[in-house]
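Here is how names work: the chains are called A, B, and so on, in the same order as the sequence lines, proteins then strands, and each is numbered from 1.
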Amino acid sequence: MSGDAVAMMVLAMVVLWGGLGAAIVNIVRFKGREPQESMRDL
Amino acid sequence: MTVTKAPIDRGRFSNKTVFIMAAIGSAVGLGNIWRFPYVAYEGGGGAFILPYLVALLVAGIPLLLLDYAVGHSQRGSAPLSFARISRKLEWIGWWQVAICVVIAVYYAAILAWAIQYTGFSFTQAWGDDPETFLFQEFLQAGDPGVTLQFVPAVLIPMVIMWIVTIAIMALGVQKGVGATSVIFIPILLIVFIALVVQALMLPGAMEGLQTLFQPDWAALANPAVWASAFGQIFFSLSVGFGIMITYASYVGRKVDMTGSGFVVGFANSGFELLCGIGVFSALGFLAQSSGLAVADVVADGIGLAFVAFPAIISQAPLGALLGVLFFVSLVLAGFTSLISILEVVISAVRDKLELGRVQATLIVTIPLALISILLFSTTSGVYVLDIADYFINRFGILLAALVAMVAIAWGVRKVPWFADHMSRYGSIRLGAWWRVLVMFVTPIALVIMLVQETITAITVPYEGYPAWMLGLFGWGVAAAAIVAGILLSLTRWKPSTPMEAPERDEEVVR
């Protein structure tokens, strides 16, 4: 494989799989919080 | 709220993880495996990652979050959710249900083929000419037309597939849809990783990856490449036709929906990348063993799965194993998508008629199974399937998504309200960036795609099929879905059906 192709493959992996990892870490670490004001649905 | 009968639970996912797995199961389908690798290769190889990522972030995930917002706030199936937003929009929900009906009946046929090909992997029944075997021996396809001449090799797995599907759907949201996804998605990931590992060890795999990832930067100047990136993201994420609305309605009030949306979006795209690596490694091997360039063996869709892959299986060491891994992946990915498509219809019928789960499942799935078997287990099934798939994706899903988005953003002007709803318990706040994307950027992208697709469909008869077949199974089916949506929205809801979203989960009755 050429350097260009390897670089793009690695970039795609970092962006998409890294993005997935970051998204999973985000929801695992998020504890949630009660809203400060009460809002009624419709 | 008026409750005139004993409350019946609509069903719900037991927790956030089950919901995310079900949403991933819906998004990850046949298109990830057999469409993305080809689209990426055609769209500039390694350079395609740029428009693809832009499409994911500015259109795919924002649209996914809008679907979540509709279902999660309104706590209903697509028609009930739209009706609760405005009675004038209910027809859009029924239109989405009609689209799901069309897709469900042909999707089952492809899964039946994949089941048969899993077995064929051991015997290599296709011999030296997989294409002739597929169309002449397996599908027994004659000239384009409509027949009622059944093909037992397709009929039998289709019947089995529908029986299993009906049983799972009858089990309900958590024990059926949720449990299937929680079990099948990790298995799919393991099976596909095994396939990728085996494909990477084949001679020629690196040439395949070189072909896929070699960047063609000039392609980025071509608007068609950007349109195909948006198209791939859009078709792959299961947005715009009621699935994510329905699934989000089964999620607890305080679940982090925005964070979940990003997980689903990146999981879907991450799996597509894995598919690209596996498929092009195998195509690199096929090219080398055939003495051809990789570009000469590249294929997508049915040609990739049922022609190119059988050729690879015949020539590869441990070919039977490769075949089983590939076709089992197709079955698993397709099956979790099929149950999500059916859930849209069952949920809508349940809400409208106030039926129990089993009753609604049988009323929906038995007629669909019969239509599916009658149309697609015959010698003409492959042509009808090909035409219906092409047209309902473009002039069903794409058009319905655009209409829904414009209606919500500019008709009832609820985007800011949905942003507040989603941000209330979400880990990622939907600020002005999201409002701009769903009110301006994504609708414009959808319009561009739709105009382009319409011009193509009008000027170039799809695959050279006869005009009457394109009219009946293409344009006719797409138009019938709209008419069905309008007609179904004219029927009355039962007086006991709350036409306002319940304020708390425990008030979700029926």
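- Neither the backbone nor the side chain of B:Leu212 comes within less than 4.5 Å of any heavy atom in chain A.
- Every residue meeting the ring pair (Phe, Tyr, Trp, His ring centres under 6.0 Å) condition with B:Tyr68, not counting sequence neighbours, appears here in chain and number order: B:Phe19.
- The candidate with the highest count of non-hydrogen atom pairs below 4.5 Å against chain B, out of A:Gly19, A:Ala7, A:Gly18, is A:Gly19.
- The shortest heavy-atom contact between B:Pro215 and A:Met8 is CG-CG, 3.7 Å.
- The part of B:Tyr52 that comes within reach of chain A is its side chain, from C-beta onward, which places non-hydrogen atoms under 4.5 angstrom from that chain.
- Between B:Gln214 and A:Ala5, the shortest heavy-atom contact is N-CB, 3.9 Å.
- When all heavy atoms of B:Asp256 and A:Phe30 are compared, the closest pair comes out as OD2-CD2, 3.6 Å.
- Between the CE atom in A:Met13 and the CZ atom in B:Phe213 there is a gap of 6.0 Å [rounded to 0.5 Å].
- With values rounded to the nearest 0.5 angstrom, A:Ile27 atom CD1 is found 3.5 Å from B:Ile20 atom CD1.
- Taking B:Val263, B:Asn268, B:Ile277 one by one and counting their heavy-atom pairs under 4.5 Å with chain A, the maximum is reached by B:Val263.
- Looking at B:Leu50, neither its backbone nor its side chain comes within 4.5 Å of chain A, counting heavy atoms on both sides.
- Of all the heavy atoms in B:Leu274 and A:Trp17, the pair that sits closest is CD1-CZ2, 3.9 Å.
- Within the model, atoms CG of A:Asp4 and CD of B:Gln210 stand 8.5 Å from one another, a figure rounded to the nearest 0.5 Å.
- If you measure heavy-atom distances from B:Leu53 to chain A, the contacts under 4.5 Å come from the side chain alone.
- Listed by chain and residue number, B:Arg87, B:Glu90, B:Trp493, B:Met499 satisfy the side chain to side chain contact (heavy atoms under 4.5 Å, CB included) test with B:Ala83 (two or more places apart in sequence, or in another chain).
- Distance check: B:Ile49 CD1 to A:Met9 CE gives 12.5 Å after rounding to the nearest 0.5 Å.
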